[in-house]
Amino acid sequence: MASDGTIDEGQAREALDAAGRASTSARRTGRRFARRYLLLFGVATAAALVAMALIQVLLPDTAIRGAAWGACLGVLIVGTMNWARRQDATARPTGLIIGLYLAWTVVAGLTIAIGETYLVAYPIGVVVGFGVWAAGAWWAGR
Amino acid sequence: MTGTHPRHRLDPLIHSPIRLSIMAFLTEVDSAEFGFVRESVEVTAPVLSKQTALLEEAGYVKVTKGYVGKRPRTWLSLTRTGRTALAGHLAALRAIAGDT
């Protein structure tokens, strides 16, 4: 702004262009973060379902299974937070994460319920569950 | 002095090119590491530090210090007040540029 408080059209356009360049660069970084973040969730939740299958086979006691499942989720959350802290910039697509988490919960719930009888449900659940997060990562990275 | 011309709605604090770039950058992310913002906005660390302090004082930017492993790190994020102020400033610039 000029010292007398005036600003012409050209200066305003220049300022808008500079702001646009800065936000475009950040948006690209944000999308990259969101894509990797959601893929990380996909890998971690797939690993959690594999762990669940192993827990079901190795631990017949329901209470111990619950504790082991809780520990798996704890590792998932702490690991993801730790990864995010190491990134240059974070841009979590919160609404999308909630939607994907709800969808994954349905997949995981069905997998665990069916997996009680048919262990083959686990590999299918792992793939479908990862697919949910991968679709979200694709959407966020567009 | 206030008036109807859009220039009256410009925020003098944000109008500085460096501070405008910092805020425009931060508006697209939840938070960004100090060094990363410095590289992206293409300023030196002391300049970014000084400009960030002014924005923090105005309540536009939040500065969070912490550690990753043993290394100290600083993260910058835009506050709700900062987002509102930037949106108002950009709207005023668009009005002056004849974009609205």
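Residue numbers start from 1 in every chain, and the chains themselves are labelled A, B, ... in the order their sequence lines are given, proteins ahead of strands.
Scanning all heavy atoms of the two residues, the minimum distance from Leu93(B) to Ala15(A) falls at CD1-CB, 3.8 Å. Heavy-atom minimum distance, Ser23(A) versus Glu28(B): O-CG, 3.3 Å. In terms of heavy-atom proximity, Ala19(A) sits nearest to Leu90(B) at CB-CD2, 4.0 Å.
Hydrophobic clustering keeps Ile77(A) apart from Leu38(A) (ILVMFWY residues linked when any side-chain heavy atoms are closer than 4.5 Å, directly or through intermediates). Residues Met23(B) and Leu16(A) share a single hydrophobic cluster, defined by chaining ILVMFWY side chains whose heavy atoms lie under 4.5 Å apart. Leu96(A) and Phe33(A) fall within a single hydrophobic cluster, where Ile, Leu, Val, Met, Phe, Trp and Tyr are joined by side-chain heavy atoms under 4.5 Å apart, directly or via other members. By the rule that hydrophobic residues join a cluster once side-chain heavy atoms approach within less than 4.5 Å of another member, Val37(B) and Val47(B) end up as members of one cluster. Under the 4.5 Å side-chain heavy-atom criterion for grouping Ile, Leu, Val, Met, Phe, Trp and Tyr, Phe41(A) is not connected to Leu39(A) through any hydrophobic cluster.
Contact residues of residues 98-137 of chain A toward chain B are absent (heavy-atom distance under 4.5 Å). Contacts between residues 44-56 of chain A and chain B, defined by a heavy-atom separation under 4.5 Å, are made by no residue at all.
The closest side-chain heavy-atom distance from Trp75(B) to Arg85(A) is below 4.5 Å. For the pair His15(B) and Ile7(A), the minimum side-chain heavy-atom distance is below 4.5 Å. Residues Thr90(A) and Val29(B) fail the side-chain proximity criterion, which asks for heavy atoms closer than 4.5 Å.
With a threshold of 4.5 angstrom between heavy atoms, Val41(B) does not approach chain A through any atom at all. Contacts between Arg73(B) and chain A at a heavy-atom distance below 4.5 Å involve the side chain alone, from C-beta outward. With a 4.5 angstrom heavy-atom cutoff, Phe25(B) touches chain A via backbone and side-chain atoms both.
Taken from OG in Ser31(B) to CZ in Arg92(A), the straight-line distance is 6.5 Å, to the nearest 0.5 Å.
The residue among Thr94(A), Thr24(A), Thr29(A) with the most heavy atom pairs within less than 4.5 Å of chain B is Thr29(A). Most heavy-atom pairs under 4.5 Å with chain B, from the set Ala34(A), Ala89(A), Ala18(A), Gly10(A): that is Ala89(A).
A side-chain donor-acceptor contact under 3.5 Å links Arg13(A) to the backbone of Ala97(B).
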